[in-house]
Amino acid sequence: MTAADALAPGDAAEAVVAAVLADLGRGHRGVIVDSPPGAGKSTLVVRATAHLAAAGDRLMIVAQTNEQVDDLIERIAAKHPHLGVGRLSAATYAPSARVLAHPQVRVAQKADDLAEQPVVIATAAKWATLTDGSWTWAIVDEAYQMRSDMLLRIAGRFDKALFVGDPGQLDPFSTVEVERWAGLTWDPMRSAVSVLLAHNPDLPVHRLPVSWRLPASAAPVVARAFYPFTGFRSGTGPGDRRLELRAGGMGTAHDRALEEAAASGWALYELPARHTLRTDAEAVRATAALAVRLLQRGPVAHSEQGSAEVGADRIAIGAAHRDQVAAIRAALGEEGAGITVDTANRLQGREYDVTVVLHPLSGRRDATAFHLEAGRLCVLTSRHRHACVVVARAGIPELLDAHPSTEPVRLGVPVKFPDGWEANQAVLAHLAEHRVAAG
Amino acid sequence: MTDTAPALDRLRGDAPPRNHDARTIAALTANPGCARRGLMDAAGVDKDAVARHLGFPAPFGQSQFAITRGNGFEQQVKENGCAELLTLLRERAGLDVAEVAYDDLEVVAGGEGRELRHARTRALLGRALDGDAGTLFDHPLLKLDIAGQPAYLEPDVIAFQLAGRFHVVEIKSFAVIDGQAEPEQVAAAARQAAVYVLALRRLVAELGHDPARVSHEVFLVCPENFSNRPTATALDVRPQLATVERQLARLTRVDRLVEALPDGLTFALGEELPETVRAVEARYAPECMASCEMAIFCRDEARACGATGVLGRSVRDDLGGVDSVAAALELADGTREAPPELAELAGQLRTAARLRAEALQLAAAGGVA
Amino acid sequence: MSVLTSLAQVQAAAAGVAQPVATVRHCHLAAAPLVMVPLKMAGEAAAPLAVMLGSDRAAPELLAVPQPRNRDLRFAFAAEFAKLVLEHVAANVGAAESLGEGKDGEERVRYTEAPQILLPNRGGVGFLRLLGRSTRFRRTEGPYAVEPAVPALGRWLTWYADRHDRPGSSLLLTMTETLRLHWATGQSSLEDGNLAALVGWIDPPDGLDGPAAARRAEDPVASPPAGPATDPTFDNEVLAPAIAAYDGAGRDPRAEERVRDALRGQLAPTWDLMWRSVDLLRTLPEGGSVARRWERDRDGFTWFHRSFAESLPQPRRDIAVRAARRLHDLERAQDAYEAQRAFDDPLVMIEHRLNGLAFGGVVVGGDPARLDESGKRPKLRPHLLVATGDPVRLDPGATVVNAARPGLKGRVLEVGADGVLVELTGGMGRGLVPAAGSVPQVGERVVFTSLTEGSFGPARFPEAEDTPWTHGGPPAEYVPTDEDAQEDWS
């Protein structure tokens, strides 16, 4: 047990945040904060924003999508209603209601129009269109998902930066051959953080130690599988969260899976072994039906934040491929209206009470690197505050067992951890204890 | 695992077990799902001889130009007590190999047995572990249990540095050009080096020391650019180590395969060999051609029964587990009634077939969509 | 890979002959391409052994190194090779079209031709890349001087290899990749890498089917490998004795001829296959956007040729800014190429139809003259109902264009049992009455797709001297060194 583990979760997290804020004043050009799922990354961004703005520094904030920009604006404005925030956006952007709700936020297409705003926020793509202007500080959010070439395009705009992100999620990718740059410290395919550290190895790296999202049932599983070296813990204890199903069940396999998830935080709804198409109709139906059935069971989430009904907006379904997402959406129908269905890529950074996941390896005859990618499974199994139901065909252990491990190796490229195979194995071993066979 | 050893010996017939080396052990990771390969490897069957006997010799010939170049390079690196290698490890790789003892474990008394050489490696290693002298071991002989059979391994060299960690050095004759090398060749080297690290770690543990004293970082020594000058590159083999360990553990579970075999089955070269080989299921994929001596036989067999696997793993996966070419086609053109579990696939194949036919018809008619 | 190509492969396996996966040719084929079949010495990174090359199928040139370990002979080979490659380049310089004045007031031009190179496979590209790398830094004076053509060859080969990475470029094509873009065989991609086997499936010789032709192609005696790696048995049994004889005979021309004969025997079958492949590709009509992509290739050629004299050899590795810029260029090219191929070829567009991002069918109803009068001014907004059996996965509101005429734009209103209802929004002329022939009529076959070309805009990058601290700061200016120029080539 380290010293940090001996502290109460809130104190341990606060100690790290305080250390980060202190480091901002120590003359480092960059400060990096690794944040496991739900560890208060956005809260940190809001606090760092206020901290830097209070010091009188011009601050730019870089997020990866318009949705993430609006999320941050909403959080900053709610916490600091008198802080002037400029939202720089493309001509095609229509300000969302949650941005318009805050009179302190000014929307403009040109940076010149926001010269008076102490804080300017935009997507990385928008920042990359600027040819001049300079800010003392930048906060780069989701920095592990930002490609190094994007950082190259915007780094001229700031002197110093705070990089915040989750190293366990999906890596940047490209549709073209990128071997040419393998091994270079400035390989454009590396993540922004990786390139930054390769050239500035002395920058301080902090790690948020507590996940406030993941319940006590999930944090150790996710930490072991995807953050084997650093780890993290849950901010809540075993009894602090409870998922109640108010409507009684009928003892069907769906009901039993949901009850298992409510009781233990996890369920593996296992369909008979079979090799299938990606859009395995039976698995798609089961995934949609479990989400719909969950709504019908009148779920209520009891947590440190109080008790609240779990509506469709608090449920998400995750899958690996877009065609699976389309098929699941179609299968949800009217009864499942309002439930989020998306790919792992698009679920990054989002949070729900309950998630239903179609396992990327379900029904596959041969696993590819795509299906095995640790980041994909990490995103899918770490979005929930209460429970996660995984839908899969039997046979994944055999598939993993037969997987040939002959990936090419490029000189000078840092080894990626965790290995997808090991991570999949770890998650599966845990899920096996929560298995409910399809009826 | 000792329980299955006699059964595995029987499988081999009269032939002595084929000695595994780092390359064949590394090859175990290539297609772990193949029962045929798993069984033959576990029993130490000479797959090359079997393949030749079956009339499908493995196309793994080597050009004498490549062999000459490889030997020449290794010799050059190791000349004068590894002088060139030492300079490299000191300067290029930043290793603090200060006072270095050089031990060539090969030139003891000539003609000695492997067990003796292994014992000598063990003794020298034990001394190095207790002291702190920088040491280069040339031609050490390590031992690793493969499904109950000892396999002797000869790493190129092992370097021992003052910080107390051993590093395996792997000498390869493929070029590193401007810091890059063929990823497949590097991967193969990394897998082999991982086998050495594993064997060395087991030995260190046997000697009562912390196996972590053998570093997962190995040094790859290759010709630089277009010259004969060696260059050293550090390589982290942790992923390969995990894989090799996994597959070795799996080999010891070969008893399940053995149990399922008919009595008296043997891979001895003879009339019954084709039948014997066919009695054990293979899992052929085109990737086998790069690593398994049996590949051409298995490909022929898979083609003969119209298996979709011969078209590639991704094709087989796209076809949602339909194993045969004929079945896939009949589902696509609707001549085969799809059982319920294949209904969805059949639907997709029919749509695909219709779209293809439509587009080809249109092109034949000279129009564009 | 997709279900469609997998199905084509299954069909090929059953039929015993390759099946088309394209109905038009998606690459440019020059009138006189330079065909090259290179061989390298086994065990060496880039030691040339021989190359057969030329633009006349009846009269190939053979260049060979009788003793590949001899540095002088290698450079002599490089000089001869350079002469032929540079001649090919020069033959395509001359006529140019004017593009008017650029921003700097300089007259901009584009050569009307560009020199195309055809190689058997990707291994050949890798070899040329390395050969380029080993020759481009050489100096023409001082110690280890080489002929002026040698470093020029190095720069051109490097440029060709770089162009090959660019999706849709036809300056350097490999035959196996190009054929696979148009035909699917009943064997795996691994076996397709063997040019003889691939051509055997596409166009089996008389009396054989695809599998039989491919089997024959795997016998290295009947069908020597297409390089750059040689057959080990040939090396051991034919080449090594011939080279030894050459060494032993004091470099006797007859001994040299024996080496050349041996190598000619290895290269000639592939030379024939290359030209047969060209014939096969020429049977396909050229795709609609091939000329446009070839224009980009000609731009690239014009620029490289015109700036050749004042430029330095390409550096060993890309600096940060160049790497990022290049990745962006490649991604843009890829995006455009994928879309263009689908628009050019209904057999490619069906990939998108099967994925639900495009749909095809017959116009069964709608309102071809519909006006939307809800706003201040009426707008022409015809409705089309397209009956389709395709698995449509487009949401209402999705923007689509007509695959045959991408100028015709619309959006999906509804996906129902009787078809997809599309509202047309543009590409029908300026008036309130659609231009003649612009709106598909009832009974007409149409394909609409959400695919767009050019969704990927250009991007700004800092100059190299402004490389930020996050990427190591400005790199040292690249200057070729003596060490580069005198590098061993052993």
Side-chain angles (χ1 to χ4, degrees), chain A residues 177 179-185 187 228-229 271-285 323 327 361 363-372 374 393 395 397-423 425, chain B residues 26-27 29-35 176 178-191 216 220 222 233-240 242-244 246-247 250 253 283 285 287-288 290-291 308-309 312-314 316-323 340-345 347-349:
Chain A
E177 286 222 18
E179 211 163 89
R180 176 187 184 94
W181 301 293
L184 292 176
T185 50
D187 180 347
F229 300 125
L271 294 159
R274 187 191 305 152
H275 300 133
T276 65
L277 288 179
R278 239 156 50 177
T279 50
D280 180 358
E282 202 181 346
V284 161
R285 270 199 307 275
D323 51 3
L361 290 170
R364 303 283 36 90
R365 166 90 189 230
D366 291 293
T368 63
F370 174 91
H371 295 115
L372 278 178
R393 290 206 171 266
E398 289 76 17
L399 170 78
L400 286 175
D401 200 29
H403 180 68
S405 302
T406 48
E407 284 76 23
V409 178
R410 291 170 182 91
L411 293 179
V413 177
V415 170
K416 171 87 179 127
F417 284 104
D419 172 60
W421 194 97
E422 308 268 349
Q425 190 75 358
Chain B
T29 59
N31 188 3
C34 180
V176 172
D178 299 334
Q180 287 190 310
E182 283 286 337
E184 282 72 27
Q185 291 184 304
V186 180
R191 284 194 295 271
H216 57 251
L220 187 61
C222 295
T233 317
L235 202 57
D236 183 340
V237 299
R238 273 177 289 178
Q240 289 78 16
T243 315
V244 169
R246 206 152 75 210
Q247 296 312 338
R250 200 179 180 281
R253 299 202 302 266
R283 186 186 168 103
E287 288 80 358
C288 296
S291 60
T308 50
R313 287 199 166 107
S314 68
R316 189 168 59 184
D317 202 50
D318 278 342
L319 295 174
V322 173
D323 278 336
E341 70 272 13
L342 289 180
E344 190 189 8
L345 172 72
Q348 175 140 24
L349 281 175

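Residue numbering restarts at 1 for every chain, and letters A, B, ... go by the order of the sequence lines.
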- Item | Side-chain donor/acceptor of B/Gln180 to backbone N/O of A/Ala182, under 3.5 Å |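 Yes, because the side chain of B/Gln180 sits within donor-acceptor range (under 3.5 Å) of the backbone of A/Ala182.
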- Message: Out of B/Pro183, B/Gly33, B/Gly320, B/Ala187, return the one with the most heavy atom pairs under 4.5 angstrom to chain A.
- Response: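 Between B/Pro183, B/Gly33, B/Gly320, B/Ala187, the count favours B/Pro183.
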- Can you tell which of B/Asp236, B/Leu319, B/Asn31, B/Leu235 has the highest number of heavy-atom pairs within less than 4.5 Å of chain A?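 Option with the greatest count: B/Asp236.
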Which atoms of [X] approach chain A - backbone, side chain, both or neither, heavy atom under 4.5 Å:
X        : answer
B/Arg313 : both
B/Leu345 : both
B/Glu287 : neither
B/Leu342 : neither
B/Asp178 : neither
B/Val322 : neither
B/Gln240 : side chain

- Can you tell me how far the CZ atom of A/Arg365 sits from the CZ atom of B/Arg283, to the nearest 0.5 Å?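 Going from the CZ atom of A/Arg365 to the CZ atom of B/Arg283 covers 5.0 Å.
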- Task: Would you give the length of the straight line joining atom OG1 of A/Thr276 to atom CG of B/Asp317, rounded to the nearest 0.5 angstrom?
- Result: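 Between A/Thr276 OG1 and B/Asp317 CG, I get 8.5 Å after rounding to 0.5 Å.
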- Message: As an exercise: rank A/Leu399, A/Asp280, A/Leu184 by heavy-atom pairs under 4.5 Å with chain B and give me the winner.
- Response: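 If we count pairs closer than 4.5 Å to chain B, A/Asp280 comes out on top.
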Region of [X] in contact with chain B, defined by heavy-atom distances below 4.5 Å:
X        : value
A/Asp366 : both
A/Arg364 : both
A/Thr368 : neither

- Considering residues at least two apart in sequence or located in another chain, which fulfil the ring-ring contact (aromatic ring centres under 6.0 Å, His included) criterion with A/His275?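 Per chain and number, A/His275 pairs via ring-ring contact (aromatic ring centres under 6.0 Å, His included) with no residue.
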Side-chain donor-acceptor pairs of residues 402-417 of chain A under 3.5 Å, sequence neighbours excluded:
| unit_1 | atom_1 | unit_2 | atom_2 | d |
| --- | --- | --- | --- | --- |
| A/Ser405 | OG | B/Arg246 | NH2 | 3.2 |
| A/Arg410 | NE | A/Glu179 | OE2 | 3.2 |
| A/Arg410 | NH2 | A/Glu179 | OE2 | 2.5 |

